[in-house]
Every structure is written in structure tokens, then in C-alpha cells.
Amino acid sequence: MKETRSTCPYCGVGCGVIIESEGAQITGVRGDPDHPANFGRLCTKGSTLHLTASAPVTLQTRLLQPMQRLQRGAAPQTVSWDHALGVAARTFERTVQKHGPDAVGFYVSGQLLTEDYYVFNKLAKGLIGTNNIDTNSRLCMSSAVAGYKKTLGADAPPACYDDVNHASTLFIVGSNPAFAHPILFRRIEDARRANPALKMVVCDVRRTDTAECADLFLQIQPGTDVMLFNGMLHLMLWEGWTDADYIAAHTSGFDALKATVRDCTPDVVAQTCGIRKQDLLEATRLFAQSSATLSLYCQGLNQSSSGTDKNCALINLHLATGQIGKPGAGPFSLTGQPNAMGGREVGGLSNLLSAHRDLANPAHRAEVAALWGVPSVPEKPGKTAVEMFQAAADGEIKALWIACTNPAQSMPDQATVRRALERAEFVVLQEAFATTATARYADLLLPATTWGEKEGTVTNSERRISRVRAAVPAPGNASSGPRHDWSIAVDFAQRLEVLLTVRPELVEGLRQAQPERTLFPYSTPESVWNEHRESTRGRDLDITGMSYAMLDATPQQWPCPADQSVGKARLYEDGIFPTPDGRARFADVQYRPVAEPQDARYPLALTTGRLRDQWHGMSRTGTLGRLFGHVAEPVLQMHPQDMGRRLLKDGDLVHVTSRRGSIVAPVQATPAQGVGQVFMAMHWGEEYLSGSSSTGHRLAGVNALTNSAFCPDSKQPEFKHAAVKVLKADMPWSLLAMAWLPADHVLSVLTEMRMLMPHFAFASCVPFSRMRGGVERAGVQFRASHHDPVPAEVLQKIEHLLQLDNPLALHYVDRKKGQRRVAVLHHGDTSTTLEGFMLAGDTRAQAWISTLLQDALPANPYGGALLLAGAKPPVPVVDQGKPVCMCFGVTDKTIQSELTRCKGSEPERLAALQDKLKCGTHCGSCVPQLQRMVKASLGAPAKTA
């Protein structure tokens with residue numbers, strides 16, 4: 001067995017992993033105990049990475065050869081790499097020649113490695129001459145970038161993970177690290193155990209798992225963060241809690257801000273934010289009076305039409321109290337992707353250039369042009385993510401190159417995005433997985449390597465650069481199989497250079513200087529990285545003191561200039577900032593409400609966010625049924641009061657409609673949601689939640705609803721708020737089909753089942769799994785509803801795909817009433833179990849029949865009753881409970897039973913529970929839920945704000 005050190009490809013914590021492999025197959029993964037980001041820990045997603053790289057997953061989901069569609073809507077055909085890249089180069093050249101460089105656009109990803117990012121940036125801005133290159137990091141981090149630059153002078157998070165251990169107060173706002181950054185949350189838990197005096201304040205619109213663990217929770221109204229922060233500064237000034245010496249010595253602009261916050265009185269703040277004045281005062285006291293306050297924040301601040309202002313207003317608090325530049329203190333933005341930081345470093349956004357240079361700065365453009373050896377870098381601002389797809393929808397951008405991201409799932413206002421993909425004359429998708437929603441719009445599909453196969457570097461939230469190493473070769477044929485992202489871009493760029501007519505002055509200059517010269521002379525990722533490293537010389541993120549060899553030894557934080565042997569953990573300890581006068585700048589920001597306020601027609605506020613065990617569009621995590629154990633299928637969460645007013649109950653289907661689109665989903669009651677607000681996880685795209693509208697259009701998942709209105713500074717869209725209405729859906733005919741399937745078929749079946757979703761007004765399709773006797777079984781669940789019974793051919797197709805068309809299957813059909821029921825049994829040596837079933841028409845029996853299947857309970861007592869209508873089973877069915885701990889398969893019922901035998905305090909009961917059942921002892925992602933269950937067993941009241 002070979003072991004290879006690399007990193008986890010999920011959130012921005014940047015966990016180190018050790019990949020175990022045998023030959024060309026990854027066989028296991030564990031946390032790297034020597035990596036300073038995680039010290040050996042992994043979350044549920046990271047600890048199952050090897051399963052997503054298994055042969056069955058690869059063969060059923062990966063894009064393994066270049067493919068081309070000869071016409072839109074047709075099945076793609078396999079082509080050679082030479083043909084594919086030749087078509088791409090000629091098409092881009094013709095487009096630029098006919099319409100100009102800005103008629104093409106590149107949309108790339110925070111999941112690319114730094115080397116990949118660098119080549120794409122140089123390709124667009126240096127060779128083609130367009131700044132139309134943006135990244136999905138625009139959707140998650142651009143407000144943080146703009147906020148840091150506007151106040152501190154550079155896009156450089158000043159804190160580090162170790163600051164959690166030195167803080168006296170943690171101020172967590174717009175972030176749920178228990179779900180989104182679970183390994184960092186484990187460090188927070190450790191710090192609180194080691195220092196019981198450490199206080200944690202959480203501000204969020206939802207009572208999240210993170211909020212449940214807080215000493216003080218402020219459940220604010222959506223979009224009111226700036227009012228909250230300005231109100232806190234008002235109180236700090238009133239109480240004398242600002243640091244006048246720090247303000248005088250190290251900042252500028254405070255007087256203008258003081259005038260602005262004068263009107264943000266406690267009464268105004270309490271009314272606007274929906275919180276109590278005493279909680280506002282206590283949060284302010286804890287922030288200002290703490291010996292060290294560390295704020296942690298993420299999409300709740302960033303994904304907003306005032307995202308930059310929210311970031312700035314929070315940073316203002318740190319500057320006003322001197323809570324920056326020392327251990328345990330500072331504004332710490334948490335990145336949402338594994339290499340969003342690396343993309344920012346190389347200038348991968350449409351308004352940036354290499355090494356934190358600004359496109360709008362003529363001197364910066366000249367520096368980059370000199371570095372690249374090109375006459376100039378274009379000065380016209382490029383299209384940002386939302387603008388790029390709008391331009392394509394309007395016919396302005398003719399050719400799109402999309403790399404390692406899934407805009408047909410992840411972008412807001414999906415109607416516009418899909419119109420863009422349909423109207424663009426040429427769409428290239430460079431991707432590892434063939435199963436994404438975007439894939440069906442691509443004219444050319446280029447297979448890329450992915451985790452476990454790639455070489456390069458990534459940078460995490462604390463500015464730490466880690467080496468990514470390949471454990472196995474790319475799957476498939478070496479000559480026709482997946483290639484590294486940087487290599488694909490280099491090959492395309494070199495072909496484009498030869499075509500001469502893209503930028504005549506550039507190509508002629510190259511030929512005169514050296515006939516064989518290329519702008520892209522890279523043969524290894526290290527050669528790319530070395531050029532990137534040189535671009536940072538003398539900049540705030542100077543890494544000229546680093547090398548691949550140094551990073552092979554241990555990850556390093558920047559800056560690390562040539563005269564240093566180790567990176568810098570914290571920034572601005574000397575109080576000097578990268579601004580013209582060396583002072584940090586207070587940002588005079590005022591509260592602005594959300595871009596789309598609720599009204600009588602759209603009275604509810606929709607927000608979106610992450611699930612604990614899923615990530616982004618789920619092209620990888622969605623291949624594992626076990627990761628659906630925590631949340632099994634798409635739901636819309638709503639406060640019980642709002643459900644009661646609408647006469648809704650759990651499981652009812654509802655139409656959720658915004659000004660941009662409508663979807664259908666089951667509704668679920670939760671007191672975690674504020675009154676007047678609803679929540680749906682960001683992951684649910686058309687691959688898992690779909691159907692067709694009354695006009696025949698395919699429903700596009702949650703982002704059919706979200707708002708593309710963006711922050712004027714960062715151009716980051718407001719995912720966190722959209723005005724919606726929720727109405728009960730009247731669909732009397734329904735269907736539920738579930739079946740266990742062979743591991744080498746389950747994902748292929750899942751893909752084919754998704755093609756049937758448009759036959760229904762509502763449909764969801766997800767994998768599921770259970771561990772039995774040390775063996776994991778996987779299956780597919782298909783749930784649907786419609787206004788009338790669907791054609792028999794559709795039901796027969798479902799039966800066939802789920803292997804229910806077995807001659808020994810039990811059948812019941814009543815065509816007149818639209819009823820159809822099928823059950824397949826497995827007769828073992830000791831018992832008979834249910835292998836699969838379909839209920840069509842009357843699905844009231846779904847609860848007990850699905851339990852029979854998933855828990856592998858004996859089906860002998862039921863027999864023909866499996867085909868009867870009605871909700872009541874002939875013999876009671878006792879389910880084993882809902883999974884809580886994914887690592888050890890521990891359910892809530894098992895935990896509740898064990899808690900009846902536990903004694904002592906909350907910590908003692910939790911320790912006893914973990915000792916007995918092992919839940920929460922591996923990745924720890926379920927610990928917040930375990931803590932809630934322990935509290936409930938003691939009758940402890942929930943914390944209130």
C-alpha cells in the first residue's frame with residue numbers, strides 16, 4: 001500500500017489528508033496528523049473521500065474522454081484530444097476575429113489549483129486580451145476581498161486558526177462552521193473545553209447547530225448586519241469602550257463614521273434587527289471588553305447586495321477596539337472553497353491581476369504585462385459572474401469556457417443562466433464529472449483530473465499554502481483520458497497562439513523576438529507555480545521565500561519573502577497596513593435593506609445555506625448514499641407558525657415562487673427558522689429536485705428562486721435573501737419507488753432516473769445506503785407527484801431501472817384509478833426481506849414500507865399486505881431511527897435509548913455516550929447534535945436570544 005500526502009477538496013479549512021492507494025486505485029483516506037490545519041481530523045465528507053474515488057463511482061459518473069455534440073440536444077460523441085482542442089482553438093479564434101476579444105468569457109472555479117488558475121488568467125488577459133474571466137469564488141468570497149481591501153488595504157485575512165486558542169470572545173456572524181467548516185469547529189470546541197471562560201456570540205438569521213452552542217445568540221432579521229454592527233459601535237462610543245490610542249495611531253476616517261452611527265441607537269437597532277436591547281448591549285460588551293476578540297464570518301455577510309458594507313462594518317469594530325494584530329483577535333473571513341484564496345492570489349477575478357494587483361491601476365497592468373512578456377493587459381473591466389451570464393443571455397458573449405464548476409446549478413436566477421447557455425454559440429465544459437446539470441448544455445466536454453490525481457498547490461483560509469499530490473494516475477486511457485486542468489489550458493493556449501489572428505501585435509512581437517517562443521512554456525505544475533511566485537515579489541503576499549521543496553516538507557503561510565524561512569502567522573502586529581499612509585481606513589457605511597424586500601405578494605424571506613454532509617452541487621458527495629443519511633432529500637424548512645397559518649403539515653408539497661421562478665418541494669416545520677422566513681439547502685439543483693412546470697419547462701432547483709442582485713462593490717449576488725410566496729400544491733397523484741441496487745449500477749440508474757423527472761410536476765431523486773453486517777448497501781429513491789396519473793410507460797421504465805420488473809415480483813394494477821404497486825422480496829436462509837418497491841397513486845403506506853426496506857426488517861409477516869393501500873401496516877413496524885453519526889451508523893433511537901442509562905452532568909453524559917457508542921469520536925461532525933440530545937435528556941431549556 002502506498003501513502004500520499006495531499007489536501008481535502010472541500011471547504012476552505014484546507015485539511016491535510018493521507019491517501020492510501022494500491023496500484024491505480026485509491027483504497028482509503030485519513031487525516032494527516034502533521035498538517036497544521038487539521039492535525040489528523042476529517043469531517044464526514046473528508047473521511048469518505050476514498051469512496052468517491054472508487055472504481056464503481058469513477059466508471060458511472062466520471063467524464064473519461066473528450067466528447068463533442070454536433071448539435072444542441074444531441075448525445076455527445078467521443079473525439080480525440082487533438083480534435084477537441086483543435087475545434088476549441090479554431091472556434092475561439094473565429095469568435096474573437098469576428099466579434100472582438102470580449103465576445104468570449106471564461107468561468108472557472110475555486111476548486112481549481114493555483115497553477116490551473118494562473119494559466120487560465122494568463123490565457124484570457126495575456127493572450128486573448130479580455131478580462132472576461134471570473135470564478136465561482138465571486139459567489140462566495142468577493143465581498144470579503146472588497147471589505148479587506150477597502151479597510152485594511154489588501155486582501156489578506158489577518159488572523160489564523162491558532163487564534164481560536166488565544167481568544168477570550170468568539171464573535172461568529174453569518175456563518176455556521178458546525179456545518180460549513182466542521183474541523184475548525186472542532187478546534188473551537190477544544191478551545192472552549194480548555195478555557196471555560198471563552199465566550200461565543202453567534203449572530204445569524206437561523207438557529208443553527210453553531211447557534212445552539214453559543215453563550216449568546218442574536219437571531220437577527222435578514223440583511224440587517226450593518227445596522228447591528230453600527231449599533232454596536234454606537235454603544236462602544238457611548239460606553240467609552242473604544243481604543244482611542246489605537247484609533248489615533250493606526251487608523252483614519254473615524255470621525256465620519258462616528259457621525260454615521262450616531263443615529264444607530266439601541267432602540268433603532270433592536271427594532272430593525274429584531275433583537276432585544278439587553279442582548280445587543282451584552283454582545284457589544286463581550287466584543288469590546290474582551291482581552292482578545294476573534295470574529296469568524298462567511299456567506300451570511302458576503303452573499304448580499306451590501307456584502308462589502310457588511311464586511312467593512314464588522315472590520316470597523318475591530319479597528320475601533322484595537323482587536324486586531326495580536327493573538328486571538330482580528331476579523332477572520334472563512335473561505336467556502338478549497339482554493340478560493342489561491343484564485344485571489346493569482347488575480348483570477350475579472351477585476352484583479354496577479355499577486356493582489358488591481359486591474360484599474362495602470363502601473364499594475366504594466367507590471368503584469370512585463371512579467372508575461374506581452375505589450376499590454378487590457379484595461380476594460382471584465383464581466384463578473386452574474387454579468388457574464390447576462391451578457392451571454394443577451395448575445396454579447398458568444399463563446400463560454402466553463403472549468404470545474406456547475407453554473408446550471410450554482411448560479412442565482414437560473415432562468416437567465418440557462419438562457420445564456422442556450423444562446424451562447426459555443427460552450428466548453430472542462431469537468432471531471434459527466435453528471436452535472438451544466439454538462440447537457442456543453443458543445444464540447446473536456447475530461448479533467450480530480451482529487452487524488454492532481455499535482456499543485458492550494459491556499460486555505462489562514463493564508464497557508466499546501467501541496468496537492470497525485471496518489472494515482474488519471475483513469476482511462478493515458479492518451480485519451482482526463483488531463484490536468486493547467487495542461488488542458490496550456491495546450492489550448494499554444495494552439496491559439498499559432499492561429500496568429502487573435503492579437504496580431506502580440507503574435508508578431510513573439511515571432512520577431514524568438515520564432516519558437518510561447519507565452520505558455522510550462523511542462524509541469526511547478527514551472528507554472530514558479531512564475532506565479534515571481535509575480536509576488538515585493539507584494540503583500542510575497543512568497544519568494546517558498547519553493548515546492550519547502551512546501552513538500554510542511555505547508556507555509558504567506559507572506560514569506562526571500563529573506564525568510566517561515567511564513568507569518570498573523571498580520572498587522574506592528575499596526576502598519578498596506579495603504580499609502582500605512583493606516584487602516586474606517587469605512588463610512590450605512591445600513592441598506594435587502595435588494596428585494598417582502599411585500600403582500602411575496603411575503604416570505606428565502607435564505608439558502610449548507611448541509612452538514614454535502615458540498616456545493618454534490619457532483620462528488622452526491623455519489624454516496626451514506627452522506628444523505630443526515631438529510632435524506634430536498635425540503636423547504638418553515639417556522640411552525642407560518643405553516644399553521646397556511647394549514648400545512650410536515651411533508652405537504654408546496655409551490656415556492658419568487659419573481660424569477662417557481663419550484664415544488666416538501667415542507668418541513670422547524671423552530672430554528674425565524675417567523676416569516678424559509679430555508680432551503682443550496683445543494684438542491686435539478687439533479688435532485690426537479691419536475692416540469694405547467695408550460696413544460698424543466699424546474700431548476702433552489703436557484704430558480706434566488707436573486708442575482710449584487711453588491712455594487714464586490715458584484716457578489718444576494719443568495720441570502722429572496723422574497724417568495726409559499727402555496728400548498730394540489731397534486732393528488734403521487735409515487736414513491738425505492739430499491740437496493742448493485743454498487744456498479746446504482747449511480748448509472750440514478751442518472752437515468754433523473755431523465756424521467758420532467759414527466760412529473762414534482763420529482764426528487766436521491767441515493768441512499770445502509771450499513772448491514774459490516775457491508776454497505778446502496779439504492780435509489782425516486783419520489784414524485786403529479787396532477788393526474790402519468791402514462792403506464794413511464795411507470796414501466798421506473799420498474800425496469802429499479803429492477804422491479806422481476807417475474808417473481810408482487811404486482812397490483814388498477815389502471816382506472818391510476819394505482820400501481822410492486823414489491824420484490826428476497827428469500828434468504830433465515831428471513832425474507834424487501835429488495836424494492838413502487839407505490840403509485842396511493843402512497844400512504846410509504847412510511848412503514850420504506851422502513852421495512854431500509855432497515856432490512858423481516859418482511860415475512862406482511863406478504864400480500866405490501867400491495868394494499870392505506871397508512872397502517874398489518875403488523876407494527878419499529879424503525880431503527882434516523883442516522884446521526886455517519887461514521888459509525890448510530891441512529892437517534894440508539895442514542896436516546898443509551899441516554900436513559902447515562903448519569904451525571906452534560907459533559908459526563910456526552911463522554912459516556914461516546915465511550916459506549918463511539919458516535920462523535922471520529923470526525924466529530926455530529927457532536928453539536930449529540931449535545932442537543934444530551935440537553936434534551938436532562939430537560940435543559942434551549943438558549944434564547
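Please read all numbers here as calculations on a predicted model, not as lab measurements.
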For Cys765, check side chain to side chain contact (heavy atoms under 4.5 Å, CB included) against everything at least two apart and list the hits. Leu750, Met753, Arg754, Met757, Val780, Phe782

Is there a donor-acceptor pair under 3.5 Å between the side chain of Glu115 and the backbone N or O of Val528? no

Do any N or O atoms from the side chain of Tyr10 and from the backbone of Ala180 form a donor-acceptor pair under 3.5 angstrom? no

Taking all atoms of both residues into account, what is the closest heavy-atom pair of [X] and [Y], and its distance?
X: Ser535; Y: Ser354; answer: OG-CB, 3.9 Å
X: Arg660; Y: Ala722; answer: NH2-CB, 3.7 Å
X: Gly147; Y: Asn311; answer: CA-CB, 4.0 Å

So Cys8 and Leu49, side-chain contact (heavy atoms from CB on, under 4.5 Å) or not? Walk me through it. CA-CA 8 Å; Cys8 175; Leu49 270 168; 4.0 Å; yes

Is any side-chain N of the basic residue among Asp358 and Arg365 closer than 4.0 Å to the acidic one's carboxylate O? no

For the residue pair Leu446 and Leu85, establish whether any side-chain heavy-atom pair is separated by less than 4.5 Å. yes

Would you call the rings of His356 and Trp558 parallel, tilted or perpendicular if under 30° counts as parallel and over 60° as perpendicular? perpendicular

Quick test of your reading: applying salt bridge (charged side-chain N to carboxylate O under 4.0 Å, His left out), list the pairs with at least one residue in residues 62-87, sequence neighbours left out, ordered by first then second residue. Arg62-Glu453, Arg72-Asp443, Asp82-Arg495

Is there any salt bridge (charged side-chain N to carboxylate O under 4.0 Å, His left out) pair reaching into residues 393-418, and which pairs are they, with sequence neighbours excluded? Lys383-Glu396, Arg418-Glu686

